[in-house]
There are 2 protein chains.
Amino acid sequence: MQGTRTRTASVAVTDSLIEAALAILEEAGLPGLTVRDVASRAGVAPMGVYSRFGSKDGLLEALFMYGFASLQAAIETPPTASPLTRLRTGCQGYRRFAIHNPQLYHLMFEQMLLLDLSPEAKDLAQRSFGTLVERVHAAMTSSELAGTSSTEVAQQVWSAMHGAVSLEIAGVHFATDRAQSFTAMLDALLIGMAPR
Amino acid sequence: MQGTRTRTASVAVTDSLIEAALAILEEAGLPGLTVRDVASRAGVAPMGVYSRFGSKDGLLEALFMYGFASLQAAIETPPTASPLTRLRTGCQGYRRFAIHNPQLYHLMFEQMLLLDLSPEAKDLAQRSFGTLVERVHAAMTSSELAGTSSTEVAQQVWSAMHGAVSLEIAGVHFATDRAQSFTAMLDALLIGMAPR
DNA sequence: ATAGATAAAGAACAATGTTCTATAAAATAA
DNA sequence: TTATTTTATAGAACATTGTTCTTTATCTAT
């Protein structure tokens, strides 16, 4: 008697695993994201995760990279007359991404960022930050922002944004209109960074 | 023949468990914080955690509350001539707490805050926020800050602080002097919130 | 001092990340 | 096309961890 095992085609299994993981992540959160469930949802055995990603952390890193690619797209906006306006629009995109993908955002910024990431993952994350630095630099050039180090100012803007969406995702918000409160905080920060 | 089990005295075992958990947390991080290791370090069996805290999450909630009590102490400062200065000093204390207890801060804000907490834990956290609201309110009364809702402004200040220390703890910082960058961000935000 | 109540020790259980092994599918060669 | 080698997957097995169960040492009240 021969075995009854069947083997699924190897085509695009990697993508299926990532898709399954993303779906489970947003549905059940990080604790619900088990290797078995991801593999099952993708129609493969748990081993499939290990042959393709090396470990569960490897899969999570793939989600991390997917997330930063999405974030990059969310903050990328066409040029406008005012560089500061373009920066503001990008910040709104940042919040939109976070609010629309709360579990993924949590994974990216509150889990993976604390772990040892591969150089590729770090590069990708840094590229997103680079976009923000560019916007800040442009606003400095147009004299809409003061200061000398666009990197340092960008870090401060990013910090404020991250803190705001992070607490909002956690359900810690005492303002009635959270989008408006986010914008108000950002406006205050940018006003305080304007030339005087 | 009688068993060779010994039973440790019940006095102050709860505190021993919390102390052990805090030590392991900062030494090995959240993944290293296992019930067995905590119990072992406290000199009791794993069951001790369950009889006293109900579950591992119960123990983590005790750490959460310990953390917020410490944070409360860190942001609590004596009155000064300028309410805004007092607010600023409290914010520096906030950062100091976070940087000195990075793993605990991570547990508090990036893990527990996302879970279902007991009313006691929520109250304690809200009390810390209340202190910040008071400082903001005082600065509004002295016309050093503008705006009508001290709660909303306090939330924005907290957001910015949290984002800054959160990224700093994660190792994401592009400024040379991080304490200075934190202060610079805070200054910009408070300037942007000043009456005009 | 004795009896009952309490809670802790240690074993056992369930779930999860990971590894191992047999083998089905694919790739290659003749 | 057929035979052989390689690859990667299915399913079982293993280690660790959160949790529960059972036995029994310790505590408390009389």
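These numbers come from the heavy atoms of this one structure, side chains and all, not from hydrogens, waters or symmetry mates.
Taking side-chain N and O atoms only, A:Ser51 has no distance below 4.0 Å to OP1 or OP2 of D:dA8.
Atom pair A:Tyr50:OH and C:dT16:P shows a separation of 12 Å (rounding to whole Å applied). Atom CG of A:Leu33 and atom P of C:dG17 are 8 Å apart (whole Å). Straight-line distance from the CG atom of B:Leu17 to the P atom of C:dA9: 10 Å, rounded to whole Å. The interatomic distance linking A:Lys56 (NZ) with C:dT16 (C1') rounds to 8 Å, in whole Å. Following rounding to the nearest Å, A:Asp37 (CG) and C:dA15 (P) show an atom-to-atom distance of 12 Å. In this entry the distance linking CZ of A:Phe53 with C1' of C:dT18 reads 16 Å, nearest Å.
Here C:dA9 is the nucleotide among C:dG17, D:dT9, C:dA9 with the atom lying nearest to any side-chain atom of B:Ala45. For B:Arg36, whose side chain is taken as the heavy atoms from C-beta onward, the closest listed nucleotide among C:dA9, D:dT17, C:dG17 is D:dT17. Candidate nucleotides C:dA8, D:dT19, C:dT18 were compared by shortest atom distance to the side chain of A:Pro46, and C:dT18 ranks first. With C:dT16, C:dC20, C:dA9 as the choices, the nucleotide that has an atom nearest any side-chain atom of B:Val44 turns out to be C:dA9.
Residues B:Ile191 and A:Ile191 are members of separate hydrophobic clusters, defined by side-chain heavy-atom contacts under 4.5 angstrom among Ile, Leu, Val, Met, Phe, Trp and Tyr.
The pair B:Arg41-B:Glu27 meets the salt-bridge criterion, with a side-chain N (NZ, NE, NH1 or NH2) lying under 4.0 Å from an Asp/Glu carboxylate O.
Atom CG in B:Asp116 sits 10.0 Å away from atom CG in B:Asp57 (nearest 0.5 Å).
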Before giving the answer on side chain to side chain donor-acceptor pair (under 3.5 Å), spell out for B:Gln155 and A:Ser181 the whole-Å C-alpha distance, their side-chain angles and the decisive distance to 0.1 Å.
CA-CA 9 Å; B:Gln155 162 107 46; A:Ser181 188; over 6 Å; no
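Within the 4.0 angstrom heavy-atom criterion, no nucleotide atom of any strand lies near B:Leu59.
In terms of position on DNA chain C, the residue among A:Met47 and A:Pro31 whose nearest nucleotide sits closer to the 5' end is A:Pro31.
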